[in-house]
Peer 1: 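If you scroll down you'll find the structure; I have some questions about it.
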Amino acid sequence: MSTFQAPKGTYDLLPPNSATYLAVREAISAPLRNSGYGYIETPGFENVELFARGVGESTDIVTKEMYAFETKGGDRLALRPEGTASVLRAALEANLHKGGNLPVKLWYSGSYYRYERPQKGRYRHFSQVGAEAIGAEDPALDAELIILADQAYRSLGLRDFRILLNSLGDKECRPVYRAALQEFLRGLDLDDDTRRRVDINPLRVLDDKRESVRKQLTGAPALGDYLCEACKAYHEQVRELLTAAGVAFEDDANLVRGLDYYTRTTFEFVHDGLGSQSAVGGGGRYDGLSEMIGGPALPSVGWALGVDRTVLALEAEGVTLDIPAATAVYAVPLGEEARRVLFGQVTALRKAGIATDFAFGGKGLKNAMKSANRSGARLALVAGERDLAEGVVQLKNLESGEQTAVPLDAVVDEVRRTLG
Ligand code: AMP
């Protein structure tokens, strides 16, 4: 152990478990790559104002959880707490929306940082795969994204998750609702912080998890009753498209989510095996965000799925992913000449695309065979002086123990044949 440890609220991904994380990222992105989404990568930090304006001045993410700092050059930056604002910033900066080919569909995968109180499923450094469809107002696009997330989770073998769906209205009907909600909330017994929230962002009060607040919320005006005809029709179409696709969802009138930029469709994927940190992913429509960060009107929709919590969900359901062993063939040289010859064979096997490893460090036979078994390899290539004198290596099947001599120039073909 060194003097140092991973910072509080973070953890390291180490083999062999790290392979599950890679597989999860791969599984979440596969449906996106299959549906016209192009890969985007943005910096790990941005101008702090982008998040303040984009995510919302009154949100917990911006007020409490952001890793914000000033550089030596005087720039005010923040480690990214989420992906949407950065992706939209990058798309606008590169004028991706101007090619006339809307929506611009992008996917990303990366690390995000929030100064949260760490607990199982909640970390200060976590990983998301996300998707954004920028510049189109079409219920089919909202439905597409929800269907693709559902497909991703199902392809991983997850079953115990639910999709919660809501509409937050638009700039026509939300202000009317907001005013009605504020009037209701101002009549409650709330602490000063919550009162301030009533003034700045009353919808967030509906999201309050404290029992003292929750019990006062019964009878609060429901957003669904205030939706304008256009929002109602839009939401109904999203619901119909999901139903037609066979994707089950639950209407949840209280789903507001922790970010300010959402309009109309909002949704969350929750997993029932995760305890309090049950949201494995979430997203929604953010028609006003582009204008909030100085761009043109670009109605958009997106989601982000948490990789860490998806891995926890797999564990909760007892799902083990079928991840092929990293190594298929393990080479064990006995003596100097064998080292040289077998190392050449290893290189040739790797060039042929066969995952191969080598007993480095001059291990004896016993130790080397132990390493071969631990590597998960199906075959070992063993050679000593006598084999080399005969121009062969021993190909040992580590499952059956069966061993055959193979001429040096036939190793790649024979290994390929044996592995099938
Ligand atoms: P959000 O942008 O807060 O809706 O986050 C989207 C998803 O990212 C969540 O559903 C979680 O799976 C994941 N996530 C967000 N914050 C954290 C965190 N602090 N630790 C681990 N996962 C997180």
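First listed ligand is number 1; within each ligand, the first listed atom is number 1. Numbers for residues simply follow the sequence, beginning at 1. Just so we're clear, the structure is a prediction, and the values are computed from it rather than from any experiment. Heavy atoms only: backbone and side chains are in, while hydrogens, waters and symmetry mates are out.
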Peer 1: Is there a donor-acceptor pair under 3.5 Å between the side chain of Glu317 and the backbone N or O of Arg159?
Peer 2: yes
Peer 1: For Ile61 and ligand 1, does the shortest N/O to N/O distance drop below 3.5 Å?
Peer 2: no
Peer 1: With a cut-off of 4.0 Å, which atoms of ligand 1 are near a heavy atom of Val280?
Peer 2: 10 (O), 12 (O)
Peer 1: Is the contact between Glu116 and ligand 1 made by the side chain, the backbone, both, or neither, using heavy atoms and a 4.0 Å cut-off?
Peer 2: side chain
Peer 1: In ligand 1, which numbered atoms sit nearer than 4.0 Å to a non-hydrogen atom of Tyr123?
Peer 2: 18 (C), 19 (N), 20 (N), 21 (C)
Peer 1: Between Arg122 and ligand 1, does any nitrogen or oxygen pair lie at a separation below 3.5 Å?
Peer 2: no
Peer 1: Could you list which atoms of ligand 1 come closer than 4.0 Å to a heavy atom of Gly281?
Peer 2: 10 (O)
Peer 1: Checking Asp170 side chain against Cys173 main chain: does a donor-acceptor pair fall under 3.5 Å?
Peer 2: yes
Peer 1: Is the closest N or O pair between Asp308 and ligand 1 shorter than 3.5 Å?
Peer 2: no
Peer 1: I'd like to know if Asp252 and Arg162 make a salt bridge, using a cut-off of under 4.0 Å between side-chain N and carboxylate O.
Peer 2: no
Peer 1: Would you say Ala279 and ligand 1 have an N/O pair spaced under 3.5 Å apart?
Peer 2: yes
Peer 1: Can Glu211 and Arg214 be counted as an ion pair, charged N to O under 4.0 angstrom?
Peer 2: no
Peer 1: Please confirm whether the backbone N or O of Leu223 pairs with a side-chain atom of Arg174, one donor and one acceptor, at under 3.5 Å?
Peer 2: no
Peer 1: Can you tell which part of Gln128 has a heavy atom less than 4.0 Å from ligand 1: side chain, backbone, both or neither?
Peer 2: side chain
Peer 1: Do any N or O atoms from the side chain of Glu46 and from the backbone of Ala78 form a donor-acceptor pair under 3.5 angstrom?
Peer 2: no
Peer 1: Please report whether ligand 1 has a polar contact with Glu82, defined as an N or O pair separated by less than 3.5 Å (distance criterion only).
Peer 2: no
Peer 1: Ring centroids only, cut at 6.0 angstrom: are Phe269 and Tyr153 within range, meaning strictly under it?
Peer 2: yes
Peer 1: Counting heavy atoms only, which of Phe269, Tyr112, Phe126 comes nearest to atom 14 (N) of ligand 1?
Peer 2: Phe126
Peer 1: Between Trp107 and Tyr39, what is the ring plane arrangement, given parallel below 30°, perpendicular above 60°, and tilted in between?
Peer 2: tilted
Peer 1: Going by the order shown, which atoms of ligand 1 are within less than 4.0 Å of some heavy atom of Ala304?
Peer 2: 6 (C), 7 (C)
Peer 1: Can a non-hydrogen atom of Gly121 be found less than 4.0 Å from any atom of ligand 1?
Peer 2: yes
Peer 1: Do Arg80 side-chain atoms and Thr42 backbone N/O form a donor-acceptor pair below 3.5 Å?
Peer 2: yes
